[in-house]
Amino acid sequence: MSSLSHASPLLSLPGAVAAEPPDAGVAAHYGDLFREQRALSRGEGFVDLSHRAVVTVTGGDRLAWLHLLLTQHVAELPPGHATEALILSPKGHVEHALYLVDDGTTTWMHTEPGSTKALLGYLESMKFFYRVEVADRTADFAVVLLPAGSIVPVPTGAVARETAEGREVFLPRAELPAFAEANGPAAGVLAAEALRVEHHRPRLGRETDHRTIPHEVGWLESAVHLNKGCYRGQETVARVHNLGKPPRRLVFLHLDGSEVTIPEHGDPVRLAADGPEGRQLGFVTTSARHHELGPIALALVKRNVPVDAPLLAGTTPAAQETIVEP
């Protein structure tokens, strides 16, 4: 379902500038990117993520059933415990990244905008005899992020995922304007993305392409349970973990702050010593302007790129920090 089908009413707030895909439908910022970042870092305000897709699974078999499909161990997921999981292709490539919480009767998850049709198609095809019902709730619920340290209470009756980065609240969509009025200031998705890059967190469709396996971007630590099997793509996960190394690795880049522009998603990464015409060794996944660190980025590069080698991100000089070990 397109995020534009549920364009946020908060786009009418003063200063709101609409975000571009993949975050179309919400605000990129409200007039002051760095102020918004600083507010989130202090635990103030919230981020409108109402363009995210929301899916629920109900029924007595929901956790046992999801356990068979996902990379994460969810068979005994306690109510209120946040987790994340992946759905892989038969060859182990990442197809969906899901952010889940169970409230005791329903498993709630949010995922990337526009992915609902493919996700529901796969889940419906795997129901078989299990007592489960899968539903697209994007039209009814909006995701909002309360940053870590926020003292804003979760609205009565709302379900929330509490993580180190904050609380992701599944808010009835009709309540979004009132929530914003009571709990502002709102921060745009560019502020949230800058903090995501700072904390090295991968995002499907940004840090991934059609060939990505979980090992390359650090998802083994957060979204994969290595001691469970019985899910599609598990053989690749186990083989690469036990016998080999992933072909690529995610890196964090400190970009040259003297440049007027910053590289875009997909821009090539090369060794600085080879110059802008050198052999491409990877690509920029997400770049951002950070309120303290300056221009920063994540990039996916070949595993054998030396960890201390100066790089070019597009045409911008960059120093790398290791996220995934080579």
Side-chain angles (χ1 to χ4, degrees), residues 1 22 52-78 81-102 106-138 161 163 201-250 285 300 303 324:
M1 182 175 297
R52 301 277 297 172
V54 176
V55 172
T56 60
V57 182
T58 55
D61 294 336
R62 68 189 183 282
L63 292 178
W65 176 68
L66 286 169
H67 185 77
L68 297 176
L69 305 180
L70 307 182
T71 56
Q72 189 61 271
H73 196 298
V74 297
E76 300 169 350
L77 186 66
H81 182 82
T83 192
E84 56 188 276
L86 310 173
I87 292 176
L88 306 181
S89 76
K91 294 185 177 180
H93 301 137
V94 181
E95 292 189 345
H96 298 280
L98 310 175
Y99 301 85
L100 302 93
V101 66
D102 193 88
T106 301
T107 302
W108 296 77
M109 62 186 80
H110 68 83
T111 189
E112 290 297 323
S115 65
T116 315
K117 182 177 180 180
L119 174 61
L120 264 65
Y122 175 68
L123 294 177
E124 289 287 348
S125 74
M126 300 300 291
K127 286 171 66 173
F128 302 117
F129 55 84
Y130 288 93
R131 297 173 300 154
V132 293
E133 293 297 329
V134 182
D136 177 7
R137 304 303 304 278
T138 312
R161 295 183 69 250
T163 72
R201 297 194 305 275
R203 179 180 174 187
L204 187 75
R206 304 302 289 179
E207 281 60 59
T208 69
D209 58 20
H210 68 285
R211 297 185 293 122
T212 301
I213 59 175
H215 319 60
E216 296 179 318
V217 296
W219 263 326
L220 282 193
E221 289 74 19
S222 61
V224 176
H225 193 286
L226 290 171
N227 293 324
K228 74 175 285 278
C230 302
Y231 61 88
R232 192 173 69 176
Q234 185 266 342
E235 295 84 358
T236 297
V237 171
R239 184 174 65 252
V240 175
H241 177 68
N242 293 322
L243 302 176
K245 295 283 188 178
R248 301 177 296 180
R249 59 185 180 88
L250 192 67
T285 61
L300 197 61
R303 179 173 57 85
V324 175

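Keep in mind the model is a prediction, meaning the values are calculated, not measured.
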Does any non-hydrogen side-chain atom of [Y] lie less than 4.5 Å from one of [X]?
X	Y	answer
V134	W65	yes
T163	Y99	no
L86	H96	no
R232	E95	yes
T212	R248	yes
H210	S89	no

Can you tell me how far the [atom1] atom of [X] sits from the [atom2] atom of [Y], to the nearest 0.5 Å?
X	Y	atom1	atom2	answer
E216	T208	CD	OG1	10.0 Å
R161	M109	CZ	CE	11.0 Å
L100	T56	CG	OG1	11.5 Å
L70	C230	CG	SG	12.5 Å

Where is the tightest heavy-atom contact between [X] and [Y], given as atom of each residue plus distance?
X	Y	result
Q234	G229	CG-CA, 3.7 Å
P113	R52	CD-NH1, 4.1 Å
T111	S115	CG2-OG, 3.3 Å
T116	A53	OG1-CB, 3.2 Å
T71	K228	O-CD, 3.8 Å
G92	P214	O-CD, 3.7 Å

- Query: For H67, what residues pass the ring-ring contact (aromatic ring centres under 6.0 Å, His included) criterion, not counting sequence neighbours?
  - Reply: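 H73.
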ring-ring contact (aromatic ring centres under 6.0 Å, His included) filter on Y231, not counting sequence neighbours, yields none
Residues 236-247, side-chain donor-acceptor partners within the protein, below 3.5 Å, at least two apart:
unit_1	atom_1	unit_2	atom_2	d
T236	OG1	K91	O	2.9
N242	ND2	A238	O	3.0

For L63, the side chain to side chain contact (heavy atoms under 4.5 Å, CB included) test, sequence neighbours excluded, returns L77, D102, T107
Throw together a table of side-chain donor-acceptor distances under 3.5 angstrom for residues 217-225, partners on residues two or more places apart or in other chains.
unit_1	atom_1	unit_2	atom_2	d
W219	NE1	E84	OE1	3.4
S222	OG	E84	OE1	3.4
H225	ND1	N227	N	3.2

Could R203 and E112 be called an ion pair, given the rule that one side-chain N must be under 4.0 Å from one carboxylate O?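 Yes, this pair counts.
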Test side-chain contact (heavy atoms from CB on, under 4.5 Å), reference L69, set I87, L98, L123, output is L123
Hits for salt bridge (charged side-chain N to carboxylate O under 4.0 Å, His left out) against E124, two or more places apart or cross-chain, chain-then-number order -> K127
